Peer 1: 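Here it is, the structure, as structure tokens.
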Amino acid sequence: MARAKQYWLMKSEAECFSIHDLAKAPKQTTYWDGVRNYQARNFMRDQMKIGDEVLFYHSNAEPSAVAGTSVIVAEAYPDHTQFIKTEQHYDPKAKPDNPPWLMVDIKLQAIFAEPVGLDVLRTIPALKDMELLRRGSRLSVMPVTKAEYDTIVKLGQGKKR
DNA sequence: GCCAACGTTGGC
DNA sequence: GCCAACGTTGGC
């Protein structure tokens, strides 16, 4: 039996790589490099599958917000940037025969008509248990429930007024 | 294996 | 730019 689709939230600094950069990328697809946290890596390595849907979150943004959705199009494989000295996320301890850091590929699905800001997320009772909203939460890749995902997508599509 | 020091994330 | 919270490092 097919495994149930899972839902995720991935953070990117809007200044660094925004959903608009993804929209301009070839095939509207990119590799998600730079994850250097074991918990986040383990989510990608062990649980992320092709077809899983992802909330694209802008951190350190004005305002910080979920900006849209994307879909996993390649499962975890070695992140080549860990071996490149000039890369921001270069890891001098990474061994090519056993690379610790992985990445996935994501493809744009939709840019929200109305980005859903952190302040809005905090006001929604159905979202109160989200990892993102936990005090001190710093994970850059984290699971969300289908209910949370659907709630945020609905907000992002915007209401007719 | 403890834990202090340090570095990073990310909201504000 | 500040700083709280957290992860990582390294001395012991």
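Convention: sequence-line order gives letters A, B, ...; per-chain numbering from 1. Side-chain atoms are counted along with the backbone in the values below, which use heavy atoms only and exclude waters and symmetry mates. Treat the numbers as computed from the prediction; the structure is a model and nothing was measured.
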Peer 1: Under a single-linkage rule joining Ile, Leu, Val, Met, Phe, Trp and Tyr whose side-chain heavy atoms are separated by less than 4.5 Å, which residues share a cluster with A:Leu102?
Peer 2: none
Peer 1: Considering residues at least two apart in sequence or located in another chain, which fulfil the side chain to side chain contact (heavy atoms under 4.5 Å, CB included) criterion with A:Ala67?
Peer 2: A:Ile19, A:His58
Peer 1: Please enumerate all residues that pass side chain to side chain contact (heavy atoms under 4.5 Å, CB included) together with A:Ser12, with sequence neighbours excluded.
Peer 2: A:Phe17, A:Trp32, A:Phe56
Peer 1: Give me each pair satisfying side-chain hydrogen bond (donor to acceptor under 3.5 Å, both in side chains) with a member in residues 83-96 of chain A, each pair once, sequence neighbours excluded.
Peer 2: A:Asp91-A:Trp101
Peer 1: Under a criterion of less than 4.0 angstrom to any heavy atom of chain A, what are the 5'-terminal and 3'-terminal contacting nucleotides of DNA chain B?
Peer 2: B:dG7 to B:dC12
Peer 1: Could you list who else is in A:Tyr77's hydrophobic cluster, with ILVMFWY side chains joined at under 4.5 Å, directly or through other members?
Peer 2: A:Tyr31, A:Met103
Peer 1: On DNA chain C, check which nucleotide each of A:Gln39 and A:Asn60 is closest to and give me the residue with the more 5' one.
Peer 2: A:Asn60
